[in-house]
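Presented below is the structure to which this report refers.
Numbers restart at 1 for each chain; the letters A, B, ... are given by sequence-line order, proteins then strands.
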Number of protein chains: 2
Amino acid sequence: MRRNPERRQALIDAAIEVLAKEGARGLTFRAVDAEATVPPGTASNYFANRDDLFTQVGGRIYERLLPDEATIARSREGVQDQTRYAELMHELVDRVSAFNSGYLALLELRLESTRRPELRAVLTKRIREDIDANIGHHAVSGLPGDSTSAVLLYLALNWLIVERLTLPDIFTEQEIHELVDAAVRRSLNA
Amino acid sequence: MRRNPERRQALIDAAIEVLAKEGARGLTFRAVDAEATVPPGTASNYFANRDDLFTQVGGRIYERLLPDEATIARSREGVQDQTRYAELMHELVDRVSAFNSGYLALLELRLESTRRPELRAVLTKRIREDIDANIGHHAVSGLPGDSTSAVLLYLALNWLIVERLTLPDIFTEQEIHELVDAAVRRSLNA
DNA sequence: AACGTAGTACTACAGTCGGAGTGGTGTCAA
DNA sequence: TTGACACCACTCCGACTGTAGTACTACGTT
C-alpha cells in the first residue's frame, strides 16, 4: 500500500470523474489510472480492492461538495432575513450544480451503497453529519424558519439538482430559479 | 427481432430488476436472460443492442410506477382538503417505496441517460408528461394549493424516497411520516 | 564524495471472467 | 409445408485483477 498523499488524492479525484462519466460499475482500477494519467497498475497499489476504493471515494467526495471556509464566512454576513436565505440557497444550488461530476458521482455512490454495506455506513455517517450541521448552522444564523424548514429545503433542493443534472430539459433555468424562491418562501411557513 | 409480446414484457420487467440489483452497467443481455429464467441468447433476439434495451425499459418503467386506475379512482373520493392531501401523499410515498426496485431502476436510468441521448429523450418526455399530469390532476381535484405546491411536493417527496431507499438509516420511519405531513402543509402556504 | 537502503514509480504478464453475436436445430401451429 | 419462435452451443473478443519484477530517486551514513 503506497503512501504518497498527493498521488492518493489525485487518484481519488480521478475516481470521482470516472464515477460521473462511466457509472459505478465503470469504476475500475484501470479506468482510474487512465483518468489520472498514471501508469496502469498504480491504483492497485493505493487501494486494497474495489470495495476499498469505493469507501475512500465516499469519504472524500463529501468534502469536495461542502462549501469552503470563505463561502461559509461570507454566508454569515449581512441581514439574515428571508431574502438573504433565498440568496444563499441560489448560491448553494449553483455551487453544487457547478461541481457537476461530483454530484453525479455521489448519486452513483448512493446507488452502489445498496450493494456495499461498508460504503453505506460511510455515506450514512457523512450525510447525517451534514444534515445536522445544516440544522445547527441554521439555528445559530438568525435566519428565519425552524429545523423542519431546513430539512424540507434540503429535500426539495436536492431533487431539483438531480433534475437539473440528469434531465436538464425538464425545467428551464428560469423555472429552477423560481422554484428555489418558492421553496424557501413556503418551507418557512410553519 | 422476435415479436412475442408477453415474452418481451417479461424480459423488460426482468431488466428492471437487474437494473436495481446490478446497476446500469450490469444490465446485459445475459443478466436479463438469467433474471427472466429464459435460455441465454433470448434477449439478443428481442433487443437490437444494449441501447435499444435501455430505451425500451425507459419507456416501460414509468408505466409501472404510475398508480393504477383503481388507485386513481379512489383518490378522487371524499372531501378534498388538506388532510386528504396528506393522506394521498403518504399513499404515494408508500406505493413508490414498495416498488423498490422500480424506483432504484429509474434512478439508474436517469444516471445512464447522461450517457445515452436516446434514453434521455424518452425519460424527459415521460417525466415531463407525468409532472404536467400531476399539475392537471391537482387543478381539477379541488385539493388546496396551486401548481407550484404540486411541483414543490414532487421535489421534496422524490428526494425523501431516494433517502429512504438508498440510505435508510438517515431518517426514521417516524421522521419520514412527519416530513411528508410538513411538506404538504408548508407547500400549500403561498 | 561514495555508498547503501527504503520507498515509490513504472512495466509486463498471466490468468480469469463475462458478454456479444450468430447460426443451427427443435417445436408448434396455420 | 412453411414460417415464426424457442432453445442451445460455440466462437470471438475485450477488459480487469493481482502481482512480480525492474528502475528510479532521495536521503542518510560513513
Quick check: do B:S75 and B:E91 have side-chain heavy atoms less than 4.5 Å from each other? no
Pick the nucleotide of DNA chain C nearest each of A:T42 and B:G41; which residue has the one closer to the 5' end? A:T42
Phosphate oxygens OP1/OP2 of D:dA6: is one of them under 4.0 Å from a side-chain N or O of B:Y46? yes
When you check the phosphate oxygens OP1 and OP2 of C:dG19, does a side-chain N or O of B:T28 lie under 4.0 Å from one of them? yes
Rounded to whole Å, CZ of A:F47 lies from P of D:dC16 at a distance of 16 Å
When rounded to whole Å, the CZ to C1' distance for the pair B:R30 and C:dC17 reads 14 Å
Among side-chain atoms of A:T71 and A:D68, is any donor-acceptor pair under 3.5 angstrom? yes
Integer-rounded Å distance: C:dC10 P and A:F29 CZ: 17 Å
If you count heavy atoms of other groups shown closer than 6.0 angstrom to CD of A:E129, is the number above 12? yes
Between atom CG in B:D33 and atom P in D:dA6, what is the gap in whole Å? 12 Å
Let me check something: do A:V122 and A:I131 share a hydrophobic cluster, defined by ILVMFWY side-chain heavy atoms less than 4.5 Å apart, either directly or through other members? no
Which listed nucleotide (C:dT11, D:dA6, D:dT19) is nearest to the side chain of A:S44? D:dT19
To the nearest angstrom, how far is B:E6 atom CD from D:dC5 atom C1'? 13 Å
Is there a donor and acceptor pair closer than 3.5 Å between the side chain of B:R25 and the base of C:dG18? no
Does B:R7 contact D:dA6 through a side-chain donor or acceptor facing the base, at a distance under 3.5 Å? no
Any N/O donor-acceptor pair, B:R50 side-chain to C:dG19 base, under 3.5 Å: no
Rounded distance (Å) that lies between atom C1' of D:dT17 and atom CG of A:D52: 15 Å
In whole Å, what is the span from the CG atom of A:L27 to the P atom of D:dC16? 11 Å
So if you build clusters from Ile, Leu, Val, Met, Phe, Trp, Tyr with side-chain heavy-atom gaps below 4.5 Å, do B:I170 and A:L66 land together? yes
Mapping A:N45 and A:G26 to their closest nucleotides on DNA chain D, which lands nearer the 5' end? A:G26
Phosphate-side-chain proximity, A:N49 and D:dT17, N/O vs OP1/OP2 below 4.0 Å: no
Side-chain N or O of A:N4 less than 4.0 angstrom from OP1 or OP2 on C:dA9? yes
